[in-house]
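Throughout, a chain's letter reflects where its sequence line sits, starting with A, and its residues are numbered from 1. These numbers come from a predicted model, not from an experiment. For the numbers below, each heavy atom of this structure counts, side chains included, while hydrogens, waters and symmetry mates do not.
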Amino acid sequence: MTTRVRFAPAPTGFLHVGSARSALFNWLYAQSTGGEMILRIEDTDAALRKPEFIDAIVKPLETLGITWDEGPYYQSQRRQFHVDAVEKLVESGHAYFCNLTREQADERAKEAGLPAGYHGWSRDAGIEDGDDCVVRFRTPDTGEVVIDDVIRGQVTFSCVELEDFVIRRSDGSPTFLVANAIDDADMSITHVIRGEDLLNTTPKVMLLWDALDLGEKPTYAHLPLLVNEQRKKLSKRRDDVSLMDFLKQGYLPEAMVNHLALLGWGPPDDVEIRPISEIIELFKLENVNKGSAFFDIAKLNHINGDYIRQLPVETFISMAEPFVYGVDAEIDWATNDYDADVFAMVAAEVQQRVENFDQIPSFVSWLFTTEVTFDTESKGFKKAIIKGKMIPEILDAMHERFTDVAWTADEMNAAVSAIGDELGARSQVPARVAITGTNAGIPLWDGAATLDRQVVLDRIAALRALV
RNA sequence: GCCCCCAUCGUCCAGCGGCCUAGGACGCCUGCCUUUCACGCAGGUAACACGGGUUCGAAUCCCGUUGGGGGUGCCA
């Protein structure tokens with residue numbers, strides 16, 4: 001039997017990295033077993049039914065290269081099936097009407113000295129359907145529901161712990177629990193792979209499954225949660241969780257996917273950075289571990305840097321463009337002052353040094369601005385200039401020779417080296433600081449030769465004034 | 001509160017009863033390379049939460065404790 005998995009996100013306005021990880025693991029499982037994946041949008045709640053929300057899910061998935069064979073299906077469009085199922089459950093006595101609101105239920109619980117929540121009051125009250133009525137599922141009073149989870153083994157829930165949950169809201173819309181059971185059955189889903197936060201809802205779906213007589217149940221696999229540094233579930237409010245935002249910041253989709261695949265799973269040979277084809281080949285759902293995983297940006301950065309360095313330089317240059325030119329680029333130079341040829345000349349050197357595209361401007365800013373700023377408080381400046389030997393002498397000599405040195409990389413370089421030799425001091429680093437504003441960066445002279453002589457002289461003078 | 005899940009270096013992953021004086025990766029530190037920085041290379045730092053069992057033998061199995069997390073919605 002071909003395996004069929006589904007990624008079923010609720011459209012909340014953007015794709016969460018945790019959801020992306022779920023999508024990825026579903027996809028990896030489908031790919032590794034030669035199975036199929038379907039995309040299903042869980043928009044049973046009217047508030048979630050907005051077309052722009054769909055794009056916010058579909059687009060990032062496409063960018064990541066996570067493909068699906070069927071869909072997107074919309075639960076909202078399958079509503080009739082869900083409504084029918086609810087009706088069937090009422091008719092068969094598995095469900096009943098209830099006209100208590102959440103507040104009323106809590107109040108009654110308080111009066112009865114019970115924990116907050118609904119305690120089955122409407123069960124046999126013979127309530128007729130009405131405007132304010134929900135439909136609740138009658139959970140068994142005894143027995144237990146056992147989930148055979150691929151990742152967690154057997155998980156047992158006693159039925160007494162399960163309250164009579166709502167399967168149809170008072171506005172008539174069925175909840176996702178019904179939709180889940182019906183849709184998974186109709187779509188012949190064989191494996192439900194999703195976050196651990198849904199583990200507690202699984203017994204309810206299984207109860208519905210049996211009550212509706214839907215046949216063989218899918219196999220479940222509950223993935224460990226992705227957490228922040230406080231070990232709490234990644235949340236929209238506290239954390240950076242929008243996958244598209246990461247992509248916009250300059251993380252490569254391949255790097256993102258590689259990193260995500262390493263959260264909760266590891267290849268048996270310990271080779272972490274590798275093509276997706278190999279990950280598919282090595283991936284085993286039963287090897288996914290149970291503990292929650294911290295989404296570590298530092299590691300993502302390292303992986304991203306590796307992928308960037310692997311890029312053909314031409315690709316790097318074209319991908320870098322939005323970060324150095326145009327309205328969205330965060331740059332400190334005037335767009336007119338940007339020179340694509342100069343960038344292309346130094347691009348290979350920049351590529352070796354960045355872990356992310358948004359770091360590019362900091363490496364080339366000095367080539368396109370008139371003045372550079374000296375961060376006199378920085379460690380690098382202190383080491384190179386404040387603690388440097390004969391800095392004033394070097395800068396004075398540089399300024400003098402640069403007024404008439406031949407304006408080529410080699411000649412400029414030679415002139416500065418000569419100054420160092422004559423003064424018996426290290427002259428290259430001070431020269432670099434004067435011209436670029438910092439002690440760290442790409443090789444200096446090819447870029448420096450593209451600057452105007454007066455610009456360089458002014459920068460030397462500017463640094464000289466500080467020492 | 002109740003239910004469920006989890007527990008190996010700071011972080012991610014390996015380990016599925018002897019190969020473990022616990023391995024790899026990120027981070028951090030040191031050195032080499034380098035006219036800077038980065039890459040690369042060579043080292044270093046650092047963990048089996050605790051207590052009981054079971055066993056000739058436990059990071060690995062069982063129980064308990066503690067700690068963390070998730071759920072507890074007419075959200076999904």
Side-chain angles (χ1 to χ4, degrees), chain A residues 8-12 19 42-45 47-48 75 98 100-102 105 114-118 132-136 147 149 151-153 155-158 160-163 165-177 179-180 194-203 222 224-225 227 229-233 259 261-273 287 289-303 305-306 309 349-355 363 380 383-384 413 416-417 420 426-433 436 438-445:
Chain A
T12 55
S19 303
E42 312 245 310
D43 56 352
T44 59
D45 190 25
L48 303 177
Q75 280 193 334
C98 168
L100 288 174
T101 63
R102 171 79 202 182
L114 291 164
Y118 174 78
D132 298 328
C133 279
V134 298
V135 176
R136 288 183 182 272
I147 300 165
D149 191 283
I151 296 169
R152 276 150 226 287
V155 183
T156 306
F157 295 83
S158 326
V160 269
E161 304 293 346
L162 269 18
E163 69 164 24
F165 54 91
V166 173
I167 59 176
R168 194 206 69 186
R169 305 181 184 92
S170 54
D171 68 0
S173 62
T175 62
F176 89 109
L177 295 162
N180 246 229
R194 28 123 86 146
E196 195 198 337
D197 49 347
L198 292 168
L199 184 55
N200 290 302
T201 72
T202 308
H222 287 92
L225 255 23
V227 298
E229 45 276 85
Q230 279 85 239
R231 296 255 127 210
K232 300 240 191 277
K233 183 166 79 154
H259 181 238
L262 263 14
L263 264 22
W265 176 82
D269 59 6
D270 280 339
V271 179
E272 296 189 325
I273 300 179
N287 288 149
N289 61 204
K290 306 175 211 193
S292 54
F294 171 53
F295 185 80
D296 190 358
I297 304 285
K299 185 145 186 176
L300 208 211
N301 285 338
H302 174 261
I303 294 172
D306 197 292
R309 271 176 257 120
E349 297 290 350
V350 176
Q351 186 181 3
Q352 290 299 112
R353 290 167 174 75
V354 295
E355 288 188 319
F363 281 89
K383 189 183 170 201
N413 184 1
V416 167
S417 289
R426 285 164 62 89
S427 57
Q428 290 283 345
V429 171
R432 167 181 294 279
V433 175
T436 71
T438 163
N439 67 314
I442 57 176
L444 178 63
W445 297 112

Quick check for you: among [options], whose closest atom lies nearest to any side-chain atom of [X]?
X      : options             : value
A/V429 : B/U36, B/G69, B/C74 : B/U36
A/R426 : B/U36, B/G69, B/C12 : B/U36
A/K233 : B/G71, B/A38, B/C12 : B/G71
A/N289 : B/U36, B/C12, B/A14 : B/A14
A/R432 : B/A76, B/U36, B/G73 : B/U36
A/F294 : B/C13, B/C74, B/C12 : B/C12

Could you tell me how far [M] sits from [N] if I compare only their [atom1] atoms? Round to whole Å.
N     : M     : atom1 : value
B/G70 : B/G18 : C1'   : 37 Å
B/G24 : B/A46 : C1'   : 14 Å
B/C5  : B/A47 : P     : 30 Å
B/G15 : B/U8  : P     : 14 Å
B/C62 : B/U55 : C1'   : 12 Å
B/A76 : B/A58 : C1'   : 42 Å
B/C16 : B/U60 : P     : 13 Å
B/G51 : B/U66 : P     : 15 Å

Can you find a heavy atom in the side chain of [X] that is under 4.5 Å from one in the side chain of [Y]?
X      : Y      : result
A/E272 : A/H302 : no
A/L262 : A/P267 : yes
A/I151 : A/H222 : no

Return the polar atom pairs (N/O with N/O) between nucleotides 42-50 of chain B and the protein under 3.5 Å, or none.
none

If you look at every strand shown and take non-hydrogen atoms under 4.0 Å, does [X] touch a base, only sugar-phosphate, or nothing?
X      : answer
A/V134 : base
A/T12  : nothing
A/T438 : nothing
A/I273 : nothing
A/P9   : nothing
A/G264 : sugar-phosphate
A/R168 : nothing
A/F176 : base
A/A440 : base

Query raised in the report: For the atom pair CG (A/D43) and OG1 (A/T12), what is the distance rounded to the nearest 0.5 Å?
Result: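 A/D43 CG to A/T12 OG1: 12.0 Å, rounded to 0.5 Å.
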Counting distance only, does the side-chain N/O of [X] pair as donor-acceptor with the main-chain N or O of [Y] below 3.5 Å?
X      : Y      : answer
A/R353 : A/E349 : yes
A/T44  : A/T175 : no
A/R136 : A/E163 : no
A/S158 : A/V160 : no

Pairing partner of [N] (Watson-Crick or G-U wobble, both distances under 3.5 Å):
N     : value
B/C9  : none
B/A49 : B/U65
B/A58 : none
B/C16 : none
B/G40 : B/C32
B/C2  : B/G71

Residues forming a salt bridge (charged side-chain N to carboxylate O under 4.0 Å, His left out) with [X], sequence neighbours excluded:
X      : value
A/D269 : A/R274
A/D132 : none
A/R309 : none
A/R194 : none

At their closest point, which heavy atom of [X] faces which heavy atom of [Y], and how far apart are they?
X      : Y      : result
A/R152 : A/D149 : N-OD1, 2.9 Å
A/V416 : A/S427 : O-OG, 2.7 Å
A/G264 : A/P224 : CA-CG, 4.4 Å
A/K233 : A/D197 : NZ-OD2, 3.6 Å

**Report entry** For A/Y118, ring-ring contact (aromatic ring centres under 6.0 Å, His included) partners two or more places apart
**Finding:**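 Partners of A/Y118 by the ring-ring contact (aromatic ring centres under 6.0 Å, His included) criterion, ordered by chain and then number, come out as A/W121.
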Query raised in the report: Can you name the ring-ring contact (aromatic ring centres under 6.0 Å, His included) partners of A/F157, sequence neighbours left out?
Result: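 Not a single residue meets the ring-ring contact (aromatic ring centres under 6.0 Å, His included) criterion with A/F157.
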Report task. Select from A/A298 and A/N413 the residue whose nearest nucleotide in RNA chain B is closer to the 5' end of that strand. Result ->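 Comparing both residues, the 5'-ward one is A/A298.
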Query raised in the report: For A/F363 and A/D197, take the nucleotide of RNA chain B holding the closest heavy atom to each; which residue's nucleotide lies nearer the 5' end?
Result: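 Its nearest nucleotide lies further toward 5', so the answer is A/F363.
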Dump the pairs, protein N or O against N or O of nucleotides 19-25 of chain B, anything under 3.5 Å, distances to one decimal.
{"residue": "B/G24", "atom": "N2", "partner": "A/E272", "partner atom": "OE2", "Å": "2.7"}
{"residue": "B/A25", "atom": "O2'", "partner": "A/E272", "partner atom": "OE1", "Å": "2.7"}
{"residue": "B/A25", "atom": "N3", "partner": "A/K299", "partner atom": "NZ", "Å": "3.3"}

Find every protein N or O atom lying less than 3.5 Å from an N or O atom of nucleotides 58-62 of chain B, and list the pairs.
none

Query raised in the report: Taking only residues two or more places apart in sequence or in another chain, which ones pass side-chain contact (heavy atoms from CB on, under 4.5 Å) with A/E42?
Result: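 By the side-chain contact (heavy atoms from CB on, under 4.5 Å) rule, A/E42 matches A/A8, A/R40, A/Q75, A/F176, A/N180.
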Query raised in the report: Taking OP1 and OP2 of B/G68, is either one under 4.0 Å from a side-chain nitrogen or oxygen of A/R231?
Result: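 Indeed not, no polar side-chain atom of A/R231 lies that close.
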Enumerate the protein-to-nucleotides 29-34 of chain B contacts in which both atoms are nitrogen or oxygen and the separation is below 3.5 Å.
none

Requested in this report: Go through the steps to decide whether A/I147 and A/L199 satisfy the test side chain to side chain contact (heavy atoms under 4.5 Å, CB included), and finish with yes or no.
Outcome: CA-CA 9 Å; A/I147 300 165; A/L199 184 55; 4.2 Å; yes
Heteroatom pairs (N/O) under 3.5 angstrom, protein to nucleotides 4-7 of chain B:
{"residue": "B/C5", "atom": "O2'", "partner": "A/R152", "partner atom": "NH1", "Å": "2.7"}
{"residue": "B/C5", "atom": "O2'", "partner": "A/E196", "partner atom": "OE2", "Å": "2.8"}

Query raised in the report: A/N287 has an atom CG; how far is it from atom C1' of B/G15, in whole Å?
Result: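 Rounding to the nearest Å, CG of A/N287 and C1' of B/G15 are 12 Å apart.
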